[in-house]
Amino acid sequence: MSDRLYIFDTTLRDGEQSPGATMNLEEKVRLARQLETLGVDIIEAGFPAASQGDFEAVQAIARAVKDVRVAALCRALPRDIDRGWEAIKDAAHPRIHTFLATSEIHMTHKLRKSREEVLVMAEAAVRHAASLCPDVEFSAEDASRSDWEFLATVCEVVIRAGAKTVNIPDTVGYAQPFEFGELIAYLLKTVPNAGEAVFSVHCHNDLGLAVANSLSAIRAGARQAEVTLCGIGERAGNASLEELVMALHTRHELYQIDCGVKTRQLYPSCRRLSQIIGQPIAPYKAIVGPNAFAHESGIHQDGMLKNPLTYEIMTPESVGRTGTDMVIGKHSGSHAIKAKLTEMGYALDDQQLATVFAAVKELADKKERIFDEDVEALVLEMVYRRRDKYRLKDMTVFSGTGGVPPHAALVLDIMDGEAVLEEKRHSAFGEGPIDALFKCIADITGIHPRLDRYQVNAITGGTDAQGTVTVRIEDKGKKSVGRGTNEDILVASAMAFINALNRLEKMREEKEECPTL
Ligand code: KIV
Ligand code: ZN
């Protein structure tokens with residue numbers, strides 16, 4: 001008989017805390033819906049006490065999804081817990097997740113509290129949370145560097161106070177797999193009321209061991225794993241959802257554990273995240289990276305042709321990499337596009353569908369074959385960018401090897417919802433065409449951010465492929481990522497820069513001061 005593991009996804013909370021992964025409310029709701037489709041058990045939607053923007057995003061997610069638990073993270077303080085509860089109380093299945101550090105180093109230097117004080121605080125926080133919400137999780141922050149006996153006492157106390165899940169984080173990614181498994185086994189054996197709660201793990205990847213540590217803990221009896229899509233998260237990130245799930249799936253005979261994740265939704269989910277945060281998936285990323293199923297060497301290719309099992313421990317199809325890129329041409333109908341979008345997990349209404357269909361047709365006039373990635377890029381451009389403040393109307397760029405320095409001329413619409421408030425024109429010289437373009441945009445908007453990263457990728461093969469440009473900018477301590485896709489990489493560059501500025505504006509609207517965790 002297999003055991004059941006609960007998958008707790010924290011992409012929208014711990015993941016979103018990582019540099020460049022900030023999402024706006026609409027993007028968070030979109031990703032939450034995809035996580036629901038993926039089949040995770042719990043979505044940690046955010047940290048409502050951090051800011052008004054976080055509160056509203058958590059509340060919107062709590063109202064948008066139905067078949068999944070929605071957790072709100074709160075420090076072990078009554079006002080945080082009240083705020084967290086306010087944000088999730090409309091969820092079909094709400095969970096309050098409260099945390100407090102238990103290691104000597106955190107208690108002494110960060111909290112400035114004794115063990116006794118921490119015990120009292122943890123117990124009071126859980127009791128308060130349990131008086132509001134039937135489902136309470138407690139996390140002992142920095143558990144892996146805590147004294148084991150003290151940690152066991154904390155677990156006992158919070159379970160008695162009403163915690164249904166006790167989470168043991170490896171907050172700084174310090175643990176080693178054998179040691180972390182031993183810690184979980186110790187707690188399950190030592191904590192007298194351990195049987196009344198689910199033991200969970202939350203591993204960071206500072207030494208590259210987050211998934212290994214989680215698996216070791218699961219073998220030892222942990223039954224909830226806290227993970228993120230593509231492993232995004234603080235510093236080196238969190239345990240990667242797709243790697244953990246596929247390890248359990250591929251080596252089922254070893255673990256004998258099941259979870260509710262639909263493995264065929266793994267790739268679409270990671271792609272969705274990558275599109276939203278504007279960060280391409282790394283080539284060598286296990287399971288979902290572009291090279292994860294590519295066989296380059298002759299010996300491997302020969303083996304694969306004779307029997308795929310020679311070099312493939314799982315099929316690309318099993319993780320949702322269909323390999324059957326739709327080929328849409330000028331004559332494809334809207335039904336084909338609708339079917340494709342549904343398969344890719346997009347539920348668009350008729351008007352959105354008509355917009356995307358018209359854009360696909362327009363692209364088909366310029367490009368022989370339209371692939372999944374092209375359609376997805378159009379969905380993002382045409383459907384999900386509607387409330388932007390700045391919108392590119394027209395542009396011309398001059399560059400070459402001659403004596404005239406590169407320069408650009410640009411027309412930008414300043415929007416109020418769907419209405420154009422003002423049309424602004426500007427031209428500028430630059431060191432190169434991109435520099436000239438970005439100067440034009442910065443002068444028009446009055447925002448002159450520092451450009452941290454500029455990256456161009458062809459989204460499919462072929463010289464007529466669309467190019468995706470990703471930029472990362474920083475302005476007055478706020479970082480933002482933008483993305484643009486077009487057949488012309490200069491247009492894609494302008495779109496990416498404008499997108500980053502739009503996201504920066506939204507971030508400023510939605511976020512206030514964010515207390516550090
Ligand atoms: O890493 C950590 O300890 C956390 C807790 C808040 C669960 O993210
Ligand atoms: Zn964490």
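Atoms within a ligand are numbered from 1 in the order they appear, just like the ligands themselves. Worth saying up front: this structure is predicted, and the values here are computed from it rather than measured.
- With hydrogens and angles disregarded, no donor-acceptor distance shorter than 3.5 Å links the side chain of Q265 to the backbone of K262.
- Panel note: side chain N502, backbone Y390; a donor-acceptor pair is recorded below 3.5 Å.
- Using a 4.0 Å cutoff on heavy atoms, E234 does not count as a contact of ligand 1.
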Test S200 against R223 for side-chain contact (heavy atoms from CB on, under 4.5 Å), laying out the working first. CA-CA 6 Å; S200 165; R223 285 297 174 265; over 6 Å; no

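- Using a distance-only test at 3.5 Å, with no hydrogens or angles considered, a donor-acceptor pair links the side chain of N213 to the main chain of A175.
- Of all heavy-atom pairs spanning P280 and N457, the tightest one is CG-OD1, 4.1 Å.
- Below 4.0 Å from some heavy atom of S139 lie the following atoms of ligand 1, by number and element: 7 (C).
- Here D14 has side-chain heavy atoms under 4.0 Å from ligand 1, and that is the only part of it that gets that close.
- Inclusion of E226 in the set of residues having an N or O under 3.5 Å from an N or O of ligand 1 is not warranted.
- With S480 contributing its side chain and A500 its backbone, the two residues share a donor-acceptor pair below 3.5 Å.
- Considering backbone and side-chain atoms alike, E141 places every N or O at 3.5 Å or more from each N or O of ligand 1.
- For ligand 1, one of its N or O atoms has an N or O atom of R13 under 3.5 Å away.
- In E137, neither the side chain nor the backbone holds a heavy atom less than 4.0 Å from any atom of ligand 1.
- Using a distance-only test at 3.5 Å, with no hydrogens or angles considered, a donor-acceptor pair links the side chain of S216 to the main chain of P177.
- Scanning R235, R75, H204 for the heavy atom closest to atom 1 (O) of ligand 1 points to H204.
- Between the NE2 atom of H204 and the OD2 atom of D14, the angle centred on the Zn ion (ligand 2) amounts to 100° when rounded to 10°.
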